Amino acid sequence: MHTQSITTKTMNFLQLLLQINFNAAVILLLISGAATIFGNTLFFEDNSDLYGPLANNMRLMMFYLCLIQIAAYSFYKLSNSPEALAALGVFLLLLIGSLEFYCSINQIEIDENYRQLFIYSGLSHLLYGGCAAMRHQQN
C-alpha cells in the first residue's frame, strides 16, 4: 500500500515535470516560429542562402508549423486527447529528415538550431503526449 502511494507520487511528479517541459516547448516553438516569420535572428542565424530566394519557403513552413501547434494544442485541451500531442511529436521528429532533404535538394546550409528545436519540441510532445495517453487509458 505504501509502495503504491510512492509510485503514484513519483508518477504525478514526473507528469508535472513533463507538462512544464511540454509547455516550455510549445512556447519556444511558437516564439521561434514567429521570429522566423518576421525575419528576426533571435533564434536562428541569418543565413543568406536560406533567407535569400528561398526565404518565403522557410517562413511559410514555420507559419504552418505554428498553426499546426496551435491546432494540436487546442484539440488536446478541448477533447482531452493527448494522442494528438504524441502524433505532433512524431511529426516534428520526422520534420528533421524533411528539412535535411529540402536543404540537400536546394544545396543550402541550415542553421543547426532548427534541428535542435525540432528534436527538443518533438521529444517533449512525444513524451508528454505518450505518458498522458497511458495515464488516460489507466483511468
Side-chain angles (χ1 to χ4, degrees):
M1 183 96 136
H2 181 65
T3 306
Q4 187 179 14
S5 70
I6 291 173
T7 304
T8 303
K9 287 181 182 179
T10 303
M11 289 303 291
N12 288 341
F13 181 70
L14 179 62
Q15 186 68 25
L16 178 65
L17 287 178
L18 287 174
Q19 185 175 11
I20 291 169
N21 182 60
F22 165 72
N23 287 326
V26 168
I27 292 168
L28 179 65
L29 187 65
L30 291 175
I31 291 173
S32 62
T36 302
I37 291 166
F38 295 115
N40 190 321
T41 59
L42 179 66
F43 290 97
F44 307 110
E45 289 181 23
D46 185 13
N47 186 334
S48 60
D49 289 340
L50 183 62
Y51 292 114
L54 302 174
N56 290 333
N57 293 347
M58 194 63 173
R59 288 187 178 130
L60 194 59
M61 182 196 78
M62 292 303 286
F63 175 72
Y64 286 140
L65 190 58
C66 287
L67 289 179
I68 290 169
Q69 176 63 67
I70 291 168
Y73 190 82
S74 298
F75 180 73
Y76 162 66
K77 286 297 185 181
L78 293 174
S79 69
N80 196 22
S81 177
E83 294 85 6
L85 300 178
L88 182 56
V90 171
F91 172 76
L92 290 170
L93 292 173
L94 291 174
L95 192 58
I96 298 166
S98 300
L99 192 59
E100 294 287 332
F101 179 72
Y102 175 83
C103 290
S104 69
I105 293 295
N106 291 299
Q107 299 175 347
I108 58 174
E109 290 288 320
I110 186 95
D111 188 351
E112 185 66 29
N113 291 335
Y114 280 106
R115 289 181 199 97
Q116 292 172 359
L117 172 70
F118 295 144
I119 288 172
Y120 170 65
S121 294
L123 289 176
S124 295
H125 283 70
L126 186 60
L127 286 173
Y128 177 70
C131 288
M134 287 189 325
R135 287 189 74 175
H136 192 268
Q137 287 178 349
Q138 289 176 355
N139 293 333

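As a basis for the values below, the full set of heavy atoms in this structure was taken, side chains included, without hydrogen atoms, waters or symmetry mates. What you are looking at is a predicted structure, and each value in this text was computed from that prediction instead of being measured.
- With rounding to the nearest 0.5 Å, the separation of OG in Ser124 from CD in Gln19 is 12.5 Å.
- Put simply, CG on Leu123 and CZ on Phe118 are 13.0 Å apart, with the number rounded to the nearest 0.5 Å.
- Taking 4.5 Å as the limit, every side-chain heavy atom of Glu100 sits out of range of all side-chain heavy atoms of Tyr114.
- With rounding to the nearest 0.5 Å, the separation of CD in Glu83 from CG in Leu88 is 13.5 Å.
- Hydrophobic clustering (ILVMFWY, side-chain heavy atoms < 4.5 Å, transitive): Ile31 and Ile20 are in distinct clusters.
- Annotation for Tyr120: atom OH counts as buried by contact number, over 12 foreign heavy atoms lying within 6.0 Å.
- Side-chain heavy atoms closer than 4.5 Å link hydrophobic residues (I, L, V, M, F, W, Y) into clusters, and following such links, possibly through other members, connects Ile119 to Leu94.
- Atom OG of Ser32 sits about 12.0 Å away from atom CD of Gln116, to the nearest 0.5 Å.
- Here the side chains of Leu30 and Ile70 are in contact, with some heavy-atom distance below 4.5 Å.
- In terms of the side chain to side chain contact (heavy atoms under 4.5 Å, CB included) criterion, residue partners of Ser121 (sequence neighbours excluded) are, by chain and number, Ala25, Leu29, Leu92, Leu117, His125.
- For the side-chain contact (heavy atoms from CB on, under 4.5 Å) with Phe22, the qualifying choice from Leu17, Leu126, Ile27, Leu85 is Leu85, the only one to do so.
- Nearest heavy-atom pair, Cys131 versus Gln15, reported as atom, atom and distance to 0.1 Å: CB-OE1, 3.7 Å.
- Taking the side chain to side chain contact (heavy atoms under 4.5 Å, CB included) definition, one finds that Ser79 meets it with Phe75, Ser81, sequence neighbours left out.
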Exercise. Kindly determine whether Val26 and Tyr128 satisfy side chain to side chain contact (heavy atoms under 4.5 Å, CB included), including the steps that lead there.
Key: CA-CA 12 Å; Val26 168; Tyr128 177 70; over 6 Å; no
Exercise. Mind running side chain to side chain contact (heavy atoms under 4.5 Å, CB included) on Leu65 and Phe91 for me, showing each step along the way?
Key: CA-CA 10 Å; Leu65 190 58; Phe91 172 76; 4.1 Å; yes
